[in-house]
Structure formats: structure tokens, C-alpha cells
Q: 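Here it is, the structure, as C-alpha cells.
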Amino acid sequence: MTLTTALLILGAALLDVLANLLLKRSDGLTRPTYFVGAVLTVLLAFSLIGLAARDLPVAVAYALWGGLGIVTTALLSGRIDGARLTPTGWAGLALILGSLAVLSLTP
């Protein structure tokens, strides 16, 4: 994986996290500005994944994007919303990170 591809996937994951945060702020879609922001952010994230898929199989690019987004959102939700992970939740995140490490070795 090239540095550019890694940065595209990382950027897509960060945009995914931002979209999740905006969706949360939309308060059940009652605040349309946040909802529209979330949709536009997801579209931009998909664009970055599309570019990354030129260098990686789409299944790998998508899995890396999703996994990084899940882990980052789970970690930030504790800071933002006070959500707490159980030991099982932490174990799940560790498994995701391990699988992402293996996937990142894909030529």
C-alpha cells in the first residue's frame, strides 16, 4: 500500500467519524443542517475510498475504512457522549485493530 493510498483511507475514515458526529448532532434528523452535513461528508468519504480503490482491492479499502471508522468513533464516543466500553467491547476493538493490521499488509 502506498502512502497516498493510506492517507486516502485515513482521510475517508476521519470523514466517516465526522459524519457520525454530525448525524448524532442532527438530533434524530430534526436539525437538517447537521443531517445535510453528514450526507455530504459521507459522499466525500466515498470519493476518497474510490480513489484508494485504484491501488487496493475495493474489499480491502472498504474494510480498512470501515474498521478505522468504527474504532475511532467508539473511542471518541466515550469522550463526547460519555459512552463506556465494557471489557468485551475493548476486546472487540482489539480484534478489529488486529484484522486491520493484517489487511494493511495486502499488496
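Note that the coordinates shown come from a computational prediction; the quantities given were computed from them, not determined experimentally.
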Q: Which atoms form the tightest heavy-atom contact between T5 and A52, and what is the distance?
A: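 Taking T5 first and A52 second, the nearest heavy atoms are CG2-O, 3.9 Å.
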
Q: Between atom CG of D81 and atom CG of L21, what is the distance when rounded to the nearest 0.5 Å?
A: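 One gets 8.0 Å once the value is rounded to the nearest 0.5 Å.
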
Q: Check L85 against G89 and note the closest heavy-atom contact, atom names and distance.
A: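 So the two residues come closest at CD2-CA, 4.4 Å.
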
Q: To the nearest 0.5 Å, what is the distance between CG on L75 and CZ on R79?
A: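 Spacing of CG (L75) from CZ (R79) equals 10.0 Å.
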
Q: Rounded at 0.5 Å granularity, tell me how far CG in D55 sits from OG1 in T2.
A: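 Going from CG on D55 over to OG1 on T2, the span is 4.0 Å.
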
Q: With the 4.5 Å side-chain cut-off for hydrophobic clustering, are L23 and V39 part of the same group?
A: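 Both belong to a single hydrophobic cluster.
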
Q: If you group Ile, Leu, Val, Met, Phe, Trp and Tyr by side-chain heavy-atom gaps below 4.5 Å, do V58 and L64 land in one group?
A: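 No, V58 does not connect to L64 through the hydrophobic network.
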
Q: Nearest 0.5 angstrom please: L56 CG to L103 CG, how far?
A: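 Between L56 CG and L103 CG, I get 9.5 Å after rounding to 0.5 Å.
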
Q: Under a single-linkage definition using a 4.5 Å side-chain heavy-atom cutoff for Ile, Leu, Val, Met, Phe, Trp and Tyr, are L29 and V36 assigned to the same hydrophobic cluster?
A: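 Yes, it is one cluster - the side chains of L29 and V36 are joined through contacts under 4.5 Å.
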
Q: Testing the basics here: between R31 and R25, what is the closest heavy-atom pair and its distance to 0.1 Å?
A: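 Minimum heavy-atom contact is NH1-O, 3.2 Å.
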
Q: Show the nearest heavy-atom pair for residues I49 and A61, with the distance to one decimal.
A: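 Distance-wise, the nearest heavy atoms are CD1-O, 3.8 Å.
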
Q: Does W65 use its side chain to pair, donor to acceptor, with the backbone of I9 at less than 3.5 Å?
A: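 Answer holds: no.
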
Q: Considering non-hydrogen atoms only, spot the tightest contact between L100 and G67 and give its length.
A: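 Minimum heavy-atom separation between L100 and G67: CD1-C, 3.7 Å.
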
Q: Drop me the distance from I70's CD1 to D16's CG, to the nearest 0.5 angstrom.
A: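 Answer for the CD1-CG pair, I70 versus D16, is 8.5 Å.
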
Q: Are Y62 and L97 connected, step by step, through hydrophobic side chains (Ile, Leu, Val, Met, Phe, Trp, Tyr) whose heavy atoms are closer than 4.5 Å?
A: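 They do share one cluster, since a chain of ILVMFWY contacts under 4.5 Å joins Y62 to L97.
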
Q: Let me know which of V17, L93, L76 forms a side-chain contact (heavy atoms from CB on, under 4.5 Å) with V71.
A: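 Single pass found, and it is L93.
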
Q: Ignoring hydrogens and geometry, is there a side-chain-to-backbone donor-acceptor pair from T72 to G69 under 3.5 Å?
A: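 Pair absent, no side-chain N/O of T72 close to backbone of G69.
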
Q: Write down the atom of L68, the atom of A13, and the distance for their closest heavy-atom approach.
A: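 Residues L68 and A13, closest heavy atoms: CB-CB, 3.6 Å.
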
Q: Other than L18, which residues form its hydrophobic cluster under the rule that side-chain heavy atoms must be closer than 4.5 Å?
A: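 Cluster partners of L18: L22, Y34.
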
Q: Quick check for you: to the nearest 0.5 Å, what is the distance between L15 atom CG and T41 atom OG1?
A: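 These two atoms lie 6.5 Å from each other.
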
Q: Is there a path of hydrophobic side-chain contacts, each under 4.5 Å between heavy atoms of I, L, V, M, F, W or Y residues, that connects I96 with W90?
A: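 I96 and W90: one cluster.
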
